[in-house]
There are 2 protein chains.
Amino acid sequence: MVKMADARILVVDDEPDILSVLVYHLSREGYRVTTAVNGQGALTMADAERPDLIILDLMLPGMDGYEVLQRLRRADRTSAIPVILLTARRAEDERVRGFEVGADDYITKPFSARELTLRVEALLRRAKAEPVSASRRIAVGPVELDREAHRAFSDGAEVDLTPLEYRLLEVLLERRGRVQSRRQLLQAVWDTNAAIETRTVDMHVARLRTKLGGAAPLIETVRGIGYRFRALDK
Amino acid sequence: MVKMADARILVVDDEPDILSVLVYHLSREGYRVTTAVNGQGALTMADAERPDLIILDLMLPGMDGYEVLQRLRRADRTSAIPVILLTARRAEDERVRGFEVGADDYITKPFSARELTLRVEALLRRAKAEPVSASRRIAVGPVELDREAHRAFSDGAEVDLTPLEYRLLEVLLERRGRVQSRRQLLQAVWDTNAAIETRTVDMHVARLRTKLGGAAPLIETVRGIGYRFRALDK
DNA sequence: AACGGTTGTGACAAACTCGTGACGCTTCCC
DNA sequence: GGGAAGCGTCACGAGTTTGTCACAACCGTT
């Protein structure tokens, strides 16, 4: 496995104890760690340092974690940086909201050093694997999309998709590996804040699954959250 | 030395290890690499993607490399793409057969990264020296256009086209394989930002289809988007 | 002015797409 | 174990998109 050390990680937390624990473990793994103790600092740091990963506590004085995340995602320079949210709360809707705003992963306090480093490694690996393709062609596992030709392939064979199915697949592929809530998908695929039942997304996911075929479920269901295209990059 | 990066290369191999080695080295050189793991996928891909170069393993499950190559050479759209054959076998007659079928070069496993990139560069340079289109004649599948004489042929027989139909066909042929929205076609064929209904395009496409004849739909409809000219293997 | 050919548009039918209610199954939680 | 919530899937009808016909406007030529 490729060693991911040398990656730069920005840790954002206002509690000194937690901050130091995080810095300790991450440094030990060989990451270069920088810190911020509030939202404004986090944004400044993210923009200046362009870290490879951000670990962000939800509870911050002033601007809270959600807002930091939202601003990160809106800014061109930082919108692609993977973010792990950190929270003491376990509530389900916290998670949902986090994913909807664009978090890539989630850690609840208390956490073990092992859990931390595992998730960090996983995210860095994934980020490296996907060179953020706005390109002509997206390929993930057996599925491919030729955007110029507007064609989709599964296992090399062309798959006939309706316009909506095509867009849905495109969005899922672009955000492969990340959970997308039904609402996010609605927003991305139907673009407007259309008055459409979220259940409708299920229907189209089912249609896509059928058309793409294959034994392994390429589009995974994340119960209570939404869907995720399996990240199968080689 | 001219930098050849940005060229698109299709790599066809069923062994994951070899595939990833190839992809790694080629990506490193700046090429845009796509892959296929069997013959059928390779053909589909070659037709859709129109890579600048194909690296083709002889040993494939199902349809073997020779057959893939033969079919490539028979298809108008892909017949000019340089192909490098890849094989573990050293036998002389393998090489001979490969060249007879239309390979441009040959690499035996194991190979060094340097050998690979040298041959790729050489072939791309050669291919670039002879530009394909903007020429007097465009031929795609059964359809041919003689631009100097301003005449069109289908299956060898001349087709009588109106000026507008001719321009529309020309545009579609030049951008074959890519979807063109009705608006794009209007812009390209009627050039001005003419105040013309987009539905009018449909009408002319229908007229073209009728005149070009043939069972196979040469001009494909991409529902919700527009039209795309397609070349079919013979 | 008539004529033959070309081109744009409205109209309509056919084909296709897509949202939704319904229902049964699974998973989760108490 | 039982109920509730989440999810997969079927079927259907309204709505949209496309293929095609017919026709009128236009244009250069006779």
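Comparing the helix axis at one end of the helix from C/dA1-D/dT30 to C/dC30-D/dG1 with that at the other, each defined from 5 consecutive pairs, gives an inter-axis angle of 30° (nearest 10°).
The 12-atom threshold is not exceeded at CZ of B/Arg183, counting heavy atoms of other residues, nucleotides or ligands nearer than 6.0 Å.
Each of A/Arg209, A/Arg176, A/Arg230, A/Arg178 was compared with A/Glu220 under the salt bridge (Lys or Arg N to Asp or Glu O under 4.0 Å) criterion, and only A/Arg230 meets it. Checked options A/Arg147, A/Arg175, A/His150; the residue passing with A/Glu170 is A/Arg147 (criterion: side-chain hydrogen bond (donor to acceptor under 3.5 Å, both in side chains)).
With A/Asp13 contributing its side chain and A/Glu15 its backbone, the two residues share a donor-acceptor pair below 3.5 Å. No donor-acceptor pair closer than 3.5 Å links the side chain of A/Thr200 to the backbone N or O of A/Ile196. Between the A/Asn38 side chain and the A/Pro61 main chain, no donor and acceptor come within less than 3.5 Å of each other.
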- What string of B, S and - do you get for nucleotides 5-19 of chain C 5' to 3' if you count protein non-hydrogen atoms under 4.0 Å? -SBBB-----BSSBB

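Salt bridge status for A/Lys211 with A/Glu165: present, with a side-chain N to carboxylate O gap under 4.0 Å.
Rounded to whole Å, the distance from CG on A/Leu208 to C1' on D/dC7 is 16 Å. The interatomic distance linking B/Arg209 (CZ) with D/dT18 (P) rounds to 11 Å, in whole Å. One interatomic measurement links the two molecules: CD1 of B/Ile219 to C1' of D/dT20, which rounds to 15 Å at whole-angstrom precision.
B/Arg182 has a side-chain polar atom (N or O) that falls below the 4.0 Å cut-off from OP1 or OP2 of D/dT18.
If you check the side chains of B/Asp52 and B/Tyr31, you find no donor sitting under 3.5 Å from an acceptor.
Using a 4.0 Å heavy-atom cutoff across all strands shown, A/Tyr166 reaches no nucleic acid atom at all.
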